[in-house]
Amino acid sequence: MNFVEELTWRGMIHDVMPGTEELLQKEYVSAYVGIDPTADSLHIGHLVSIMLLKHLQLAGHKPLILVGGATGLIGDPSFKSEERQLLSNEQIEHNLKAIKNQLAKLLDFDQVDNAAELLNNYDWMKDYTFLEFIRDIGKHISVNYMMAKDSVKKRMETGLSFTEFAYQLLQAYDFLYLYQHKNCRLQMGGSDQWGNITTGTELIRRVCGGEAFALTCPLITKSDGGKFGKTENGNVWLDPTKTSPYAFLQFWLNVSDEDAKKFIRIFTLKKEAEIRSLEEKHDKAPHLRILQKALAQDITIYVHSEADYQSACDASEILFGKGTKESLATLSEAMFLSIFEGVPRYPIARDLIQNGVACVDLLSEQSGIFTSKGEVRRLIKEGGLMLNKEKINEDVTINTDYLINHRYILVQKGKKNYFVIVIQ
RNA sequence: GGGGGGAUACCAGAGCGGUCAAAUGGGGCAGACUGUAAAUCUGUUGGCGAAGCCUUCGGAGGUUCGAAUCCUCCUCCCCCCA
């Protein structure tokens, strides 16, 4: 199965320029996707692009990742309603390093002929003067052409600065540069990038009469219409200090049935037959959520590690399985800590507990877990608050009897929100 | 330059002298149900509390026993005519 066929059955193709498939069949080529270094970690939205490159690499071609050190200074106006906040040089430098580390885990960067390569367009843009650029590059693309792009049209009413308008041309130049220096014939990206990519192929045609190609994948959507990759706590990051492996695993476990079928094709390398068999099993016993578990396992191991996956599973078992006060009490301190790794901690003075403290006070003003006593009382009344897996009364006094491992109290709000009080 | 309308809790939006901590809808949170799902239903959604009290309706003053509601000034938004 060739690259395009592979992506097709996985539902990862939104648009592809005619001839792309033929090119990849007959030649060894490099292809690239661009990543904006807006943060010092990738998030799961980026994962789609990474998977495109992964498949590309598996198909024997060379993946290039272009980190937009230069374009990141500008900001892509595509389909955004407002002018973007510009990032400082130092910030981008820092982000770049972090992203590089993450990518090393996801793609093969050495030991193979078609090793992935990370590039920064700042390297070839920084010494390119404005005058040279508009003479050499700007000359070839008309403003009319650039304005016809949907991404620009959308902004004509609210306005966009020249800086943002020029973005398209910068990105097109990247493609040209890679075409000339890295034998790069294909640019891939999300469907919102189609306009920018085709400006690139157009530029290549006009400057050197070359033929380059474009391939985009659909923007990932959720069946309920919500934004993909967002939780109530914001983005789902690949960086374990921003999103713990436990939270990461949980994100995928909580995906809806419909989305699971879509996502398992996009985010795992499982073969079609295996996925079909999983789906069959899933449909027979939907409550077992076989698809979600397979998806979550695969991707957590890919992004983090086998060990991280295991401990995240253990944590899930304690938190959602038949975890009781007794099972909590038997946990070793090390185990307890690893399970609640990503759970917010709230320090409290030992004296307070030793002297005994009203639970309402402890949970609000003393620890700061909740912002008002009223909220704590309401939760208790509704049965939505548990200490060490047990419901409590509003008027109980918390003392050392409540401590797990002599140091911790597990606070639970509803089914999914945990907090740990730590005695200092 | 002239005329008119508006600013209310997370958002939208009622209220137009006391019964207003402020209707209703959305969102959020929690409960039941369930598959750590969806849908549905229920409760809750300023703070402290036993009652009750305290701070809130763009900002600053004023009228009144009493103001989100009336008056004056200020700030910001929208519409119409030039």
Side-chain angles (χ1 to χ4, degrees), chain A residues 44 81 157-158 220-234 236 243-264 267 278-300 309-324 327-328 339-344 357-387 389-397 410-419:
Chain A
I44 59 175
S81 45
E157 281 185 22
T158 50
I220 309 294
T221 52
K222 290 200 300 177
S223 52
D224 65 6
K227 266 220 169 91
F228 168 74
K230 297 268 181 190
T231 66
E232 57 272 29
N233 301 320
V236 178
T243 299
S244 69
Y246 162 75
F248 188 86
L249 181 85
Q250 283 295 322
F251 172 82
W252 298 102
L253 282 179
N254 279 310
V255 154
S256 74
D257 293 7
E258 212 177 313
D259 289 339
K261 290 179 185 178
K262 200 160 68 184
F263 294 171
I264 201 165
F267 296 107
L278 281 169
E279 283 176 343
E280 240 169 73
K281 282 185 207 149
H282 179 94
D283 289 339
K284 271 187 204 140
H287 60 282
L288 294 179
R289 292 179 302 132
I290 290 167
L291 277 173
Q292 283 91 337
K293 285 178 185 164
L295 172 67
Q297 173 179 9
D298 199 279
I299 195 160
T300 304
Y309 165 72
Q310 276 309 331
S311 57
C313 274
D314 292 344
S316 303
E317 187 53 35
I318 301 271
L319 298 179
F320 294 106
K322 26 192 182 306
T324 59
S327 67
L328 270 179
I339 287 176
F340 297 106
E341 165 123 39
V343 171
V357 57
C359 66
V360 174
D361 291 340
L362 175 71
L363 295 171
S364 57
E365 50 198 27
Q366 295 300 336
S367 66
I369 295 177
F370 299 104
T371 48
S372 77
K373 295 183 184 177
E375 187 181 2
V376 177
R377 289 204 185 87
R378 191 185 335 119
L379 280 164
I380 291 177
K381 204 168 71 198
E382 290 167 339
L385 194 119
M386 292 198 271
L387 246 51
K389 286 271 165 193
E390 284 194 329
K391 294 194 177 170
I392 52 165
N393 281 320
E394 194 179 312
D395 46 22
V396 300
T397 299
L410 179 66
V411 181
Q412 184 176 0
K413 173 189 168 210
K415 285 173 183 146
K416 297 188 189 176
N417 303 294
Y418 291 89
F419 314 87

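We name chains A, B, ... by the order of the sequence lines, and we start the count at 1 in each one. Keep in mind that the numbers below use all heavy atoms, side chains included, and drop hydrogens, waters and symmetry copies.
- Nucleic acid contact class of A:Lys381 (heavy atoms, under 4.0 Å, all strands): none.
- Nucleotide B:C76 has B:G6 as its partner under the Watson-Crick or G-U criteria, with both atom distances under 3.5 Å.
- Partners of A:Glu279 under the side-chain contact (heavy atoms from CB on, under 4.5 Å) rule, at least two apart in sequence or in another chain, are A:Lys261, A:Arg265, A:Ile275, A:Arg276, A:Leu291.
- Listed by first then second residue, pairs satisfying salt bridge (Lys or Arg N to Asp or Glu O under 4.0 Å) with a partner in residues 287-298 of chain A read A:Lys270-A:Asp298, not counting sequence neighbours.
- In a base pair of the Watson-Crick type (N1 to N3 plus N6-O4 or O6-N4) or a G-U wobble (N1-O2 and O6-N3), with each distance short of 3.5 Å, B:C41 is matched with B:G31.
- In this model, the phosphate group of B:A37 is not approached by any side-chain N or O of A:Lys415 to a distance below 4.0 Å at OP1 or OP2.
- Each salt bridge (Lys or Arg N to Asp or Glu O under 4.0 Å) pair with one or both residues in residues 374-383 of chain A, not counting sequence neighbours, appears once here: A:Arg377-A:Glu394.
- A:Leu288 pairs by the side-chain contact (heavy atoms from CB on, under 4.5 Å) definition with A:Ala285, A:Ile290, not counting sequence neighbours.
- A 3.5 Å limit on both hydrogen-bonding distances identifies B:C65 as the Watson-Crick or G-U partner of B:G18.
- For A:Asp314, the salt bridge (charged side-chain N to carboxylate O under 4.0 Å, His left out) criterion is met by no residue, not counting sequence neighbours.
- Atom CG of A:Leu288 is separated from atom P of B:A37 by 15 Å (rounded to the nearest Å).
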Where do N or O atoms of nucleotides 45-47 of chain B meet protein N or O atoms at under 3.5 Å, pair by pair?
from  : atom 1 : to       : atom 2 : distance (Å)
B:G47 : OP1    : A:Ser372 : OG     : 2.9

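- A:Leu379 comes within 4.0 angstrom of sugar-phosphate atoms only, judged by non-hydrogen atoms across all strands, and of no base.
- Proximity note for A:His287 (side chain, C-beta onward) versus B:G35, B:U36, B:C29: the nearest is B:G35.
- The shortest distance between the side-chain N/O atoms of A:Asn417 and the OP1/OP2 oxygens of B:A30 is below 4.0 Å.
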